[in-house]
Amino acid sequence: MINSAAPYLMDSFLNLLNPHQREAVCHNGEGLLVLAGAGTGKTRVLTSRIAWLLSEGHCQSRDIMAVTFTNKAAKEMRERLEVMVAFGFSGLTLGTFHGICHRLLRRHAVAAGVDKNFQIMDSSDQLTFIRRLLREKQVDEKEFPPTECRSYINAAKENGVRAAAAPVPHKRAAAMRELYSWYEESCRREHKADFAELLLAVVELLRKDADLRTHYARRFLHILVDEFQDTNALQYEWLKLLDSGDNHFFAVGDDDQSIYAFRGADPGNMLRFQEELRSNTIVRLEQNYRSTGNILHAANRLIATNHNRIGKNLKTDQGGGAPINIIRATKDIEEAANIVIATKQLLETNMVADEVAVLYRTNAQSRLLEQAMIEYAIPYRIYGGTRFYERLEVKHALAYLRLIAGDDRDALIRVINMPPRGIGTRAIEKLQETATQMGSNLFAALEAVQIPKIGQFAALLRKIRALYASGADLPTLARAAIEQSGLLEHYSAKTEDTERAENLREFVNGAVLFQTSETDNEDNSPLLQFIANAVLESGEAQGAPSNAVNLMTIHAAKGLEFMHVFVAGLEEGLFPTSQSLNSINTAAIEEERRLMYVALTRARRELSLHYAGSRQVYGETKYLPPSRFLNELPADCLSTDAVDTLATPVPSITSVPQPSFQRTRLPRPPMPTDEDNIPDMRYRAGDTVLHPRYGKGVVIRRQGNGDDLQVQVTFKKLGIKTFKAALAPLKKISG
DNA sequence: TGTGTGCGCATTTTT
DNA sequence: TGCGCACACA
């Protein structure tokens, strides 16, 4: 059967690959781990692999599953495949972990014990849900902050653990577990699923249903996983459950780019994968097609400082290129100005704005940069804003659709008075009481309660639900949701809200588009699919000017590349963050270093690294020394200015390395409860200390250990003083 | 019911 | 320092 790329076409694609890439693409053994460095063509390898499998007749498209983390990555793979696989690849399972599990869960809802019409909660929906639950159970939100509860629940789920099985090491954990248990119960009762639930429910289903597991494990002869270093315990278990014993796993990842360990991602899964999923070969992709020699050299050297890594070295055929700049500013505002002025000069020499990026560690840093961009009239775009389906007005519109689809309590509360129709807290309380008296839910009470305005709302609800029952299509429903509800009118009336009204119209456009392009011909209604899609794929952040300088966190920059990259805020306490410096676990600082590695490897041609002598942090002026990462770069790829800059002692920590702690491989060492247990932790760079005579100062450097520990403290007026930590009358104020 | 005020908080966040 | 959220008020 011809279902794939014509052979001659495939040959031409194979010819584009280097020997290592080809080795991976044409791998014939069982499993394969591809260690793909930054800019080494990993997407090309993944897509070529699929094209090769099909063209060589190893399998049909329906036998392949390719999993990514982001919708963007899935989309990119799909687009590239469309070019490569001439005869199409319908039947191929390609999507995110969550997207694929979502489909499985809908298909096997009954077997999994969930309602077929379950609704997905995004993280903000989840928080609202938890808040309501806490209120219902009369739990003090001060004592159990909803966000902490959410983290607890998500972390448990991502480790594959239900409330019933959650460990209780201490009293608080017992309380958390009970909360988790209530949460599970409420989710079940109200047909809600959070993100992690999509995976956990499928994992549990596969755990218990051997037939189903065998079915899928046999079906997917080839399972390809992108960004394997980012998999968490639950995702890994899911993959393992799909192991039939003789299907083929193809994992692509880079442990050096693991920057989501803080969220439960475990790069150790790469090694586990090798052992447990029959991959006795690693193919290393080290030929980099992105950056100049200097940039790669710097990145290689920096990351070599990390102990806990599989190990690889990027190389390039390009020359050294421009040396890396390191630029010191006296203060943060000046740093922003330096970057923006340099950007302006680049643009004047015909650099395309899109090809310039300013990267930073924390979102808070974007403010000064943004101001400077405005001041110098440079078009810019900040990534990380509110995405389309996360916008307030769009969430309202979506809530109306949810109400059409079924009894959704949170959706009801959200829009019962949106647009305002005179239903206040008092009325809602009454509604709630009625529901309790009836021994039923809010929706039953809606029809029973004797409040005219609620009666009107109930009528509205009946009307749009009737529309659905009569078979109205998705765009009609979307239009009804914003028009009959009065939402559109409400936002159109306010001149300052024209953008919101515009977004609501865009919402309807989205529905029209979804209706026509809808590829997922499962047995679910387009309405449910549309809602789920909105949550799982909440869309681009914003449509800023098309050609603009890119401002984003380093996390957001992963996977992207730019001709010229500025990295801002390279200071101890900011990057690496003070939290990572204070951590007794070296894993934290290693993750920061990987983040730096990601930042460096975004640049194709030029790289400028910036730091400031002082910075406003939460209204306080902090004097932070330059980041250790700057000192970890080899001098021979830096500009001479850069070397001088680093050598200038302002406040200097030049080449004195921070005391490196013994690298233990303990997964999670116990957190210290009392700082005094570990005297070395008393003073860290960036800490604010109080001296009886000199006043407030900031620790900029520490040397030695135990009783010999010396700290250098910079005082606003007196400058830098050195103290013996054991003797000095210093008191730590913050850090 | 919408508006104001003040408190508390403040890495990173693919789904 | 700046904001987002919770609560108090008119």
Side-chain angles (χ1 to χ4, degrees), chain A residues 67-76 95-102 120-128 131 135 141-142 145-147 150-151 154 157-158 193-200 226-227 229-232 234-235 257-265 332 359-368 383-384 387 389-390 417-428 453 532-539 541 552-560 569 573-583 588 591-592 594-596 598-599 615-622 734:
Chain A
V67 199
T68 64
F69 276 84
T70 65
N71 293 301
K72 198 173 154 196
K75 188 173 162 219
E76 193 183 340
T96 63
F97 278 97
H98 292 85
I100 293 173
C101 283
H102 171 236
I120 308 172
M121 295 186 283
D122 68 18
S123 24
S124 74
D125 298 334
Q126 192 188 6
L127 198 63
T128 311
R131 281 214 178 93
R135 228 163 281 162
E141 291 191 16
K142 292 262 154 52
T147 49
R150 182 178 60 181
S151 305
N154 290 343
K157 288 191 174 191
E158 278 160 14
D194 56 44
F195 284 136
E197 183 66 26
L198 300 175
L199 285 142
L200 182 54
D226 190 18
E227 306 273 23
Q229 77 282 354
D230 288 339
T231 52
N232 63 30
L234 188 57
Q235 287 153 346
Q257 291 188 73
S258 161
I259 54 174
Y260 286 104
F262 73 93
R263 284 186 75 181
D332 48 6
L359 310 183
Y360 35 80
R361 180 65 182 83
T362 66
N363 280 311
Q365 290 168 259
S366 69
R367 213 187 91 246
L368 287 179
Y383 281 70
R387 292 183 296 182
Y389 285 104
E390 288 167 0
N417 195 39
M418 192 63 222
R421 42 174 81 88
I423 302 175
T425 28
R426 213 186 47 240
I428 293 173
K453 283 173 177 162
N533 185 271
V535 181
L536 284 174
E537 198 173 332
S538 51
M552 67 187 91
T553 63
I554 301 166
H555 282 91
K558 192 179 160 202
L560 305 177
L574 183 60
F575 189 20
T577 61
S578 55
Q579 292 93 330
S580 69
L581 292 174
N582 290 326
S583 169
E591 179 144 318
E592 295 288 305
R594 290 193 294 270
L595 203 47
M596 179 68 175
V598 168
R615 183 173 297 275
Q616 295 293 120
V617 183
Y618 308 143
E620 236 187 320
T621 307
K622 293 254 186 189
S734 72

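Excluded from the calculations below are hydrogen atoms, water molecules and symmetry mates; all remaining heavy atoms, backbone and side chain alike, are included. Throughout, a chain's letter reflects where its sequence line sits, starting with A, and its residues are numbered from 1.
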Taken to the nearest whole Å, CG/A/Asp122 to C1'/B/dT15 is 10 Å
task = Could you check whether A/Phe575 gets within reach of a base, just the sugar-phosphate, or nothing at all, counting any heavy atom under 4.0 Å?
result = nothing
Of the candidates B/dT11, B/dT15, C/dA6, the side chain of A/Leu536 sits closest to B/dT15
Review point. Can you tell me if the side-chain N/O atoms of A/Asn363 get under 4.0 Å from OP1 or OP2 in B/dT12?
Key: yes
- Message: Tell me whether A/Asp194 is salt-bridged to A/Arg150, with the criterion being a basic N under 4.0 Å from an acidic carboxylate O.
- Response: no
message: For a quick check of understanding: with a heavy-atom distance under 4.0 Å over all strands, which category does A/Thr425 fall into, base, sugar-phosphate or nothing?
response: base
Minimal heavy-atom distance between A/Asp332 and A/Gln616, with the atoms involved, is OD2-N, 2.9 Å
Does the distance from a Lys or Arg side-chain N to an Asp or Glu carboxylate O, for A/Lys558 and A/Asp230, drop under 4.0 Å?
-> yes
Looking at A/Arg263, does any N or O in its side chain come under 4.0 Å of the phosphate oxygens OP1/OP2 on B/dT14? no
Syn within 90° of 0, anti beyond: B/dT12 is anti
Taken to the nearest whole Å, CZ/A/Phe262 to P/B/dT14 is 9 Å
One should read off an interatomic distance between A/Lys622 NZ and A/Arg615 CZ, to the nearest 0.5 angstrom, of 12.0 Å
Practice task
Flag the pair A/Val598 / A/Ile259 as yes when at least one side-chain heavy-atom distance between them is below 4.5 Å, and no otherwise.
Solution key: yes
Subject >> Residues A/Glu158 and A/Arg263 bridged, charged N to O under 4.0 Å >> reply: no
Between CE of A/Met596 and P of B/dT12 the distance, given in whole Å, is 18 Å
Next item on the list: Tell me what A/Gln126 touches on the nucleic acid: a base, only sugar-phosphate, or nothing, going by heavy atoms under 4.0 Å.
Entry: nothing
In whole angstroms, the gap separating P of B/dT14 from CG of A/Leu198 amounts to 16 Å
Among the nucleotides B/dT12, B/dT11, B/dT14, whichever has the atom closest to the side chain of A/Thr70 is B/dT14
Taking for A/Gly99 and for A/Gln579 the nucleotide of DNA chain B with the nearest heavy atom, the one nearer the 5' end belongs to A/Gln579
Looking only at B/dA10, C/dA6, B/dG2, the nucleotide nearest the A/Pro420 side chain is B/dG2
At under 4.0 Å between heavy atoms, what does A/Leu574 touch on the DNA or RNA strands: base, sugar-phosphate, or nothing?
nothing
Testing B/dT12, B/dG2, B/dT14 for proximity to the side chain of A/Asn417, the answer is B/dG2
Whole-Å distance, A/Gln365 CD to C/dT1 P, equals 19 Å
Counting any heavy atom closer than 4.0 Å, what does A/Thr553 reach on the DNA or RNA strands: base, sugar-phosphate only, or nothing? sugar-phosphate
Whole-Å distance, A/Asn582 CG to B/dA10 P, equals 15 Å
- Expressed as a whole number of Å, how far does the P atom of B/dT12 sit from that of C/dC5? 15 Å
To the nearest angstrom, the NZ-C1' distance between A/Lys558 and B/dT14 comes to 8 Å
Among B/dA10, B/dT14, B/dT12, the one nearest any side-chain atom of A/Tyr618 is B/dA10
Testing C/dA6, B/dT13, B/dT11 for proximity to the side chain of A/Arg131, the answer is C/dA6
Would one find a side-chain N or O of A/Arg387 under 4.0 angstrom from OP1 or OP2 of B/dT15?
yes
Answer yes or no: is there a side-chain heavy-atom contact under 4.5 Å between A/Glu227 and A/Gln229? yes
In whole angstroms, the gap separating P of B/dT14 from CG of A/Asp230 amounts to 12 Å
### Query
With a non-hydrogen cut-off below 4.0 angstrom, is A/Arg594 in contact with a base, only sugar-phosphate, or nothing?
nothing
Ranking A/Ile423 and A/Glu537 by the position along DNA chain B of their nearest nucleotide, the one closer to 5' is A/Ile423
- Within the structure shown, what part of the strands sits under 4.0 Å from A/Gly559 by heavy-atom distance: base, sugar-phosphate, or nothing? nothing
